[in-house]
Amino acid sequence: ELYISSSAITQHYILKVGVDGMLAVFAGAGPEGASGDGGPAPDALLDDPSHLAVDKDGTVCATMWVGNPPRSIVRCVAPDGTIDTALGTRTATCPAPIFCGEGWPAQMMHLWQGIPDIAFAPDGDLVFTYPYDGDRIMRAAPARPEPGGGDIVIPSSDGRLVYTFD
């Protein structure tokens, strides 16, 4: 299967070419927007979908610009066909162009610059590059327990595990 991001003045879609060679709308109702989280992906409004990543479980994610001033978000379509915002927020509570959100839940991050690349790590975490303040490579991972005030936290060499000692 092949996924294609398509954005024109009035058409904002993610298209899918199936194994049978047929082209179909995978996500997006056409007009520009950023609504529809929790619902069917073909009914959602997308805003300039661009860079795509596909996980081994079939989840498809795309970077988008939303709002005024524009911010980056990543919206993902789960294998069951529902769409949700996985990374970034549409609200402006952090002064541009400052990066806000490192260590925050992924959906609360304020990403003022475009996200040039996204991919899935082998464990399913979303990895992305962010050009603010020296081209960071960041990982959006599920919430993990917070260490206590006296705990020593040491990441594994590959960054996949965190060891906590008290």
Side-chain angles (χ1 to χ4, degrees), residues 1-8 10-19 22-92 94 97 99-133 135-144 158-161:
E1 298 173 324
L2 174 68
Y3 296 90
I4 304 164
S5 61
S6 173
S7 10
T10 60
Q11 304 300 313
H12 302 265
Y13 296 110
I14 298 172
L15 305 171
K16 176 181 175 180
V17 179
V19 293
M22 299 299 293
L23 180 67
V25 173
F26 179 73
E32 178 179 26
S35 64
D37 278 0
D43 297 342
L45 298 183
L46 308 180
D47 195 349
D48 293 326
S50 55
H51 307 286
L52 300 175
V54 181
D55 194 11
K56 60 188 169 199
D57 73 353
T59 299
V60 178
C61 295
T63 63
M64 298 178 202
W65 282 102
V66 297
N68 188 13
R71 287 169 297 288
S72 288
I73 63 170
V74 174
R75 296 182 76 194
C76 297
V77 179
D80 68 1
T82 58
I83 190 167
D84 278 300
T85 301
L87 176 65
T89 180
R90 298 176 191 97
T91 60
C94 176
F99 167 78
C100 294
E102 192 164 7
W104 296 2
Q107 294 86 356
M108 293 178 62
M109 293 183 76
H110 299 274
L111 302 166
W112 294 102
Q113 308 260 341
I115 299 173
D117 295 297
I118 59 172
F120 281 99
D123 63 1
D125 288 352
L126 189 63
V127 178
F128 62 101
T129 57
Y130 188 65
Y132 179 76
D133 193 27
D135 290 332
R136 299 172 184 226
I137 298 174
M138 305 186 80
R139 178 182 285 236
R144 295 182 174 92
D158 65 3
R160 293 181 62 199
L161 300 172

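Of all heavy-atom pairs spanning Ala27 and Val77, the tightest one is CB-CG2, 4.0 Å. In plain terms, the two heavy atoms of Asp43 and Ala29 that are nearest each other are O-CB, 3.9 Å. Closest non-hydrogen pair, Gly124 versus Asp55, comes out as CA-OD2, 3.9 Å. Nearest approach of Ser50 to Thr63, heavy atoms of both residues: OG-OG1, 2.7 Å. In terms of heavy atoms, Phe120 sits closest to Val54 at CD1-C, 3.6 Å. Taking both residues in full, the closest heavy atoms of Cys76 and Thr59 are given as CB-CG2, 4.0 Å, listed atom of the first, atom of the second, then distance.
Between the side chain of Asp37 and the backbone N or O of Thr85, at least one donor-acceptor pair lies under 3.5 Å. A donor-acceptor contact shorter than 3.5 Å links the side chain of His12 to the backbone of Asp48.
For the atom pair CD1 (Ile83) and OG (Ser35), the distance works out to 9.5 Å, reported to the nearest 0.5 Å. We find the CG-CE distance between Leu45 and Met64 to be 10.5 Å, quoted to the nearest 0.5 Å. Taken from CZ in Phe26 to CG in Leu52, the straight-line distance is 9.5 Å, to the nearest 0.5 Å.
For the pair Pro49/Ser6, no side-chain contact is recorded, criterion being any heavy-atom separation below 4.5 Å from C-beta on. Proximity of Ile118 to Leu87: side-chain heavy atoms (C-beta onward) are nowhere separated by under 4.5 Å. A heavy-atom distance below 4.5 Å is not found between the side chains of Phe128 and Val74.
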For side chain to side chain contact (heavy atoms under 4.5 Å, CB included), just list the numbers for Val25 and Leu15, CA-CA rounded to whole Å, side-chain angles, deciding distance to a tenth of an Å, and then say yes or no. CA-CA 5 Å; Val25 173; Leu15 305 171; 4.0 Å; yes
